[in-house]
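Report on the structure given below.
Each chain gets a letter, A, B and so on, in the order the sequences are listed, and its residues count up from 1.
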Amino acid sequence: MKFKSYVYPLSLSAASAFLANKNELNFLNAGGTDLLGLLKEDIIKADNILNLKYLKDLKYINQEPSGELNIGALTSISEIINNVFIKKNYNVLHQAASQIASPQLRNIGTVGGNLCQRPRCNYFRGDFNCLRKGGDTCFAFDGFNKYHCIMNGGPCFIVNPSDLAPALISLGAFVSVFSNGREKEIPLQDFYILPSANYLKETILEKGDIVTKIRIPAQPRDLKSNYIKIKERETWDFALVSLAASLVLDGKKITKGSLVFGGVAPAPYFSVKGNKDLIGLDLKNNKAIESFAEAFVKDANPLSMNGYKAIMMKNIIIKLFSEII
Amino acid sequence: MTRKLIKSVINIENKEHEFIGEVSLLEQETWGKNDTLKIIGKEISRIDAVDKISGTASYTSDINLPGQLYGKFLRSPYPSAKILKIDLSKANALKGVKHILTYENTAKYKWYYETSFLLDPIVRYEGDEVAFVAAESEEIAEEALKLISIEYAKLPFVVDTEKASTEKNIKVHNWGNIVEPSEYKRGNIETGFADADFTIEDEFRTSVVLHNPTEPHCSVVNWDNDELVIYDSTQAVYQIRELAANALGIEQEKVRVIKKYMGGGFGSKLDLGKYTIAAAIVSRELKKPVKVVMDRKEQNLCVGNRPDSIQKFKVGIKKEGLLTALQLNSMGTVGAFPEGAGLSWPAKTMYKCPNLLVNEKSILTNAGAARAFRAPGHVQGIFGLESLMDECAAKLNMNPLEFRLKNYTEVDPVSNQPYTSKKLKEAYKKAADLIGWEDWKAAGSSKSVNRIGLGMASQIWWGGGGPPAHANIKLDKKGNITIYSGTQDLGTGTYTFIAMVASEVLQIPIERFNVVIGDTKLCPYAPVSGGSMTAPSVSPAVRDAAERLKEKLMDTAAILFDEEKNSIKYSNGFCVNSDGSKKVSLSEIAGHLNEQDLLIKGSRNENPKGYAINTFGAQFAKVEVDTLTGKVTVLKISASYDIGRVLNKLTLDNQIRGGIIMGLGYALMEERIIDENFGKVLTTNLHTYKIPTMMDIPEIVIEIASDYDPMISNTGVKGVGEPAIIPTAAAIANAVNNALGVRIKSLPITPDKVLIALYVSK
């Protein structure tokens with residue numbers, strides 16, 4: 001792990017300007033839980049590292065009078081978990097944050113870092129010059145692909161590892177990006193890109209761009225939300241499949257809502273049609289739930305070792321509905 | 001005569017080892033039950049606890065010698081290749097690089113039972129050693145590795161066990177891919193199957209798993225004139241002394257091996273490391289100390305593993321539940337160099353079964369070589385056997401415990417010898433009561449989403465220890481006592497039990513004892529810490545030495561008091577004369593004597609002839625399986641054992657818990673994964689190689705079924721390190737089957753396997 005300099009920018013614009021240098025490979029350290037691993041294992045090469053810890057303005061959780069919630073990108077995962085307002089009103093976000101990594105990693109890891117983390121594919125992380133690292137082959141395709149995607153894959157078959165992203169997208173969150181001296185806001189669901197569009201990066205971020213803020217619009221008072229994460233061990237493990245749901249019910253009937261999956265696609269996965277079919281679904285009607293869940297899995301296109309994820313995806317919908325009522 | 005020389009045969013990790021050694025005649029009777037003793041069997045904090053908790057404890061990787069260099073291996077990125085060309089020019093030009101060993105400039109030190117060399121132009125697995133760099137810092141050494149240019153000719157490779165077993169064209173060594181096939185027969189298998197009312201055939205599989213001790217493998221070596229001093233993170237100081245001397249072609253007496261504290265080994269630190277010898281070669285050449293510490297990736301690639309297994313069983317049973325015949329064909333991969341992947345001892349010895357036929361093969365593949373791993377063979381073997389026994393019980397609609405009791409054996413079925421002690425029935429009862437076995441229902445009784453299951457498994461292991469094992473005890477003029485023994489503490493509490501045993505005999509507090517172990521120059525011989533033989537071998541030698549010291553103190557007091565020896569009473573560190581008018585302390589007596597006279601040797605006695613010595617036990621598991629997610633949650637494990645006498649209840653419980661947690665990892669998540677297209681390991685860190693975390697650990701309850709073994713030694717102790725892990729995975733797997741009514745026949749039982757099995761069974 002060698003680089004020219006380790007920089008502590010004192011302003012966002014200074015950080016952005018440094019980062020944008022076309023002749024150098026510069027990386028942000030917003031907590032470092034992913035970055036240090038990437039550097040240590042020689043997955044990425046860096047000229048300079050920019051540690052953002054002095055950008056104190058990016059560390060906040062603000063509840064606005066309008067009911068909106070704004071979260072600074074440098075807010076730690078632990079701060080999300082410990083926020084009473086979030087715990088009370090955004091269970092899905094609280095649950096997702098609580099299941100990230102381990103307590104130590106949650107103390108140091110940040111919201112912005114969580115949204116921008118690189119994939120955990122064994123080949124990307126290993127001693128393989130894979131497609132995503134500039135090579136010409138995805139080795140998972142006919143290799144060990146138990147943890148890879150069953151939706152929207154190709155030519156690379158990673159899954160997005162973030163737990164926060166599905167939760168936030170289910171809440172209709174927006175992300176702000178500081179770019180070329182000004183801040184722009186986009187829906188979080190548009191922040192991620194699929195390998196079919198560009199297999200060298202996972203987000204729309206361009207050189208010099210910095211994630212600054214998450215905005216969660218005001219939610220209905222009677223929002224019922226939850227996050228279920230299926231993993232192989234209880235802590236410090238990424239999702240095999242996860243599901244974030246933010247729903248409004250009238251009795252047992254869904255009147256509004258959104259389901260977003262983790263662990264099944266290169267980006268957080270949701271289905272426009274699926275979320276439309278959600279409206280009117282009666283959670284007392286097991287048959288209707290079954291066929292609704294079945295419909296979600298129809299588009300699955302498993303690889304040799306991850307067919308179980310299709311079963312898991314269907315089951316997790318049933319599990320979440322049974323737990324939310 | 002208080003001692004004699006004997007030939008002793010001990011089974012360590014599935015291999016018989018023969019020693020000629022001196023033993024003490026068993027002069028002291030075995031102690032009574034622990035409740036008649038003052039300190040043995042109690043919960044005693046480790047005497048090294050403060051040292052460890054405060055951070056002052058010095059582990060091998062903490063050792064730094066003045067002027068030391070740092071060594072690092074360049075390792076093959078390919079599973080099979082021939083080195084065509086080595087270019088060291090850039091690396092040698094790097095400032096701070098002091099020496100680089102390659103096969104071109106290094107003598108042919110034989111390795112892996114003479115099937116390879118320390119540095120070999122043929123590399124046979126990803127991680128195989130190619131070059132060794134010694135530099136002024138670890139960072140420079142790492143930088144130098146990147147500057148070495150190697151031209152390889154890639155060769156065909158095979159990493160799949162089954163494929164390698166039948167592969168004709170791709171050979172790991174030119175002599176083939178199969179090591180030591182073995183056959184065992186008892187009775188007549190055909191008759192046995194003909195006698196059966198039912199036969200069942202099934203296949204069970206387990207994965208390659210890795211030791212991953214907390215402290216990495218490491219050595220710091222230095223030549224002190226012609227004496228080689230090796231600080232090594234090892235389970236076997238004397239064995240490392242012998243192996244290192246042999247490797248370097250020097251006298252054993254010229255090698256001193258030291259190991260004070262260690263952060264776990266689990267069998268992977270019984271062998272001599274290539275890093276130790278490479279460091280010794282460079283150190284001799286440059287006349288500087290050399291330190292080598294493996295990193296986590298090396299831990300996961302190059303320092304051993306538990307072979308996988310494919311176990312094909314056929315079993316014959318009578319309607320009333322008796323086994324009539326058992327056939328087992330098994331294979332497992334030992335990696336790229338000869339080792340053993342046998343797993344049949346449980347099948348041969350756990351139950352009474354008159355007719356047996358076992359065929360086993362160890363298969364070579366282009367992967368890191370196997371090493372002994374906590375109960376080698378038994379952990380795999382018990383999973384297969386005990387899964388099968390559950391299937392037998394289910395076939396007969398019988399409670400699994402009742403089925404096992406029907407086939408209980410009071411003699412060792414291989415030798416037909418009686419056991420020195422076997423309290424497995426008692427262990428079954430205790431562990432069953434602790435889990436609530438009376439609630440057991442037939443498999444698949446529950447149809448709910450979250451299903452509870454109960455399962456059990458038995459275990460057998462050796463663990464009786466034996467000679468030669470010695471301990472010296474020395475009393476100084478202030479009454480401080482030092483005990484020396486060439487054993488070692490793996491983190492399991494050896495220091496503490498040695499002090500406890502001496503304290504029990506001499507009736508003075510354990511703080512008065514200084515324990516020196518893990519140093520071949522200071523300490524008399526004791527065996528490797530493998531095979532669960534440390535406490536059963538060493539504790540009797542310590543007691544022997546302490547008893548002899550006590551005798552000597554009483555002899556001296558008799559002279560001081562001018563009385564007959566048999567009128568002297570010894571109590572709490574004092575000798576008292578017949579009418580109680582005269583009293584002299586242990587340190588006062590020491591003051592009257594020349595200190596050298598008070599260095600006394602104690603030895604382990606010979607094991608009784610004509611008996612089998614084994615440990616026994618059972619674990620019961622209660623699990624919950626979520627049929628929607630496939631996730632298995634272990635709610636509770638109960639464990640009960642016949643391990644002879646408990647020395648220290650605290651460290652005993654620690655060791656059993658540790659074994660259960662490791663067994664849980666084996667059952668549910670641990671697995672070395674190799675990409676078959678490239679022959680490269682994908683799980684090379686502790687994130688991808690999943691070991692259990694705190695959150696995965698269930699309630700664990702432990703009760704010991706034995707008081708002491710009445711025949712084996714003056715302490716009656718048997719080992720527990722390996723018994724602790726043996727039945728866990730089988731008990732969990734049986735509980736999962738009980739919950740689901742569907743059996744998962746390969747480990748680890750991950751959510752994907754559970755969901756697929758449920759899907760298929762619909």
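A 4.5 Å side-chain heavy-atom check between Phe128(A) and Leu682(B) finds at least one atom pair inside the cut-off. The closest side-chain heavy-atom distance from Thr629(B) to Asn315(A) is not below 4.5 Å. Using a 4.5 Å cut-off on side-chain heavy atoms (C-beta onward), Asp752(B) and Leu240(A) make no contact. Proximity of Phe238(A) to His687(B): side-chain heavy atoms (C-beta onward) are separated by under 4.5 Å at one or more points. With contacts defined as side-chain heavy-atom distances shorter than 4.5 Å, the pair Asp127(A)/Pro77(B) qualifies. Residues Asp626(B) and Lys319(A) form a side-chain contact, since some pair of their non-hydrogen atoms from C-beta on lies under 4.5 Å apart.
The only member of Lys631(B), Met694(B), Met669(B) that meets side chain to side chain contact (heavy atoms under 4.5 Å, CB included) when paired with Glu234(A) is Lys631(B).
Neither the backbone nor the side chain of Asn306(A) comes within contact range of chain B; no heavy atoms are under 4.5 Å apart. For Arg125(A), no part lies near chain B; criterion is any non-hydrogen pair under 4.5 Å. In this structure, the portion of Thr688(B) lying under 4.5 Å from any heavy atom of chain A is its side chain and not its backbone. Looking at Thr684(B), there are no atoms closer than 4.5 Å to chain A (heavy atoms on both sides), in backbone or side chain.
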> Are Met312(A) and Leu628(B) close enough, and set up right, to give a side-chain contact (heavy atoms from CB on, under 4.5 Å), and what steps lead you there?
Replying inline: CA-CA 7 Å; Met312(A) 210 173 251; Leu628(B) 288 176; over 6 Å; no
> Given the rule in the side-chain contact (heavy atoms from CB on, under 4.5 Å) test, do Lys146(B) and Asp42(A) qualify, once you have shown the distances and angles that lead to the verdict?
Replying inline: CA-CA 12 Å; Lys146(B) 293 178 186 166; Asp42(A) 283 328; 3.7 Å; yes
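Residue-environment remark: NZ (Lys284(A)) stays at or below the threshold of 12 foreign heavy atoms within 6.0 Å. Within a 6.0 Å sphere centred on NZ of Lys72(B), heavy atoms belonging to other residues, nucleotides or ligands number more than 12. Residue Lys163(B) qualifies as open at atom NZ: its count of foreign heavy atoms under 6.0 Å is 12 or below. For NZ of Lys87(A), the number of neighbouring non-hydrogen atoms (other residues, nucleotides, ligands) closer than 6.0 Å is 12 at most. No more than 12 heavy-atom neighbours from other residues, nucleotides or ligands sit within 6.0 angstrom of NZ on Lys224(A). The neighbour count for Tyr6(A) OH, taken as heavy atoms of other residues, nucleotides or ligands under 6.0 Å away, is above 12. For Leu94(B), the CG atom counts as densely surrounded, since its 6.0 Å shell holds more than 12 non-hydrogen atoms of other residues, nucleotides or ligands. Shown here is Tyr152(B), whose OH atom has more than 12 heavy atoms of other residues, nucleotides or ligands within 6.0 Å.
Under 4.0 Å is where a charged nitrogen must lie from a carboxylate oxygen, and between Lys231(A) and Asp696(B) no such pair does. Here Glu670(B) does not pair with Arg233(A) in a salt bridge; the nearest charged N to carboxylate O distance is not below 4.0 Å.
Across Glu143(B), Glu142(B), Glu139(B), the residue that shares the most heavy-atom pairs under 4.5 angstrom with chain A is Glu143(B). Comparing Leu755(B), Val754(B), Ile756(B), Ile674(B) by heavy-atom pairs within less than 4.5 Å of chain A, the highest count is held by Leu755(B). Comparing Ile673(B), Leu758(B), Val681(B) by how many heavy-atom pairs each has under 4.5 Å with chain A, the most go to Ile673(B).
To the nearest 0.5 Å, atom NZ of residue Lys680(B) and atom CZ of residue Phe139(A) are 10.0 Å apart.
Residues Asp675(B) and Phe144(A) approach most closely at OD2-N, 4.1 Å, considering heavy atoms.
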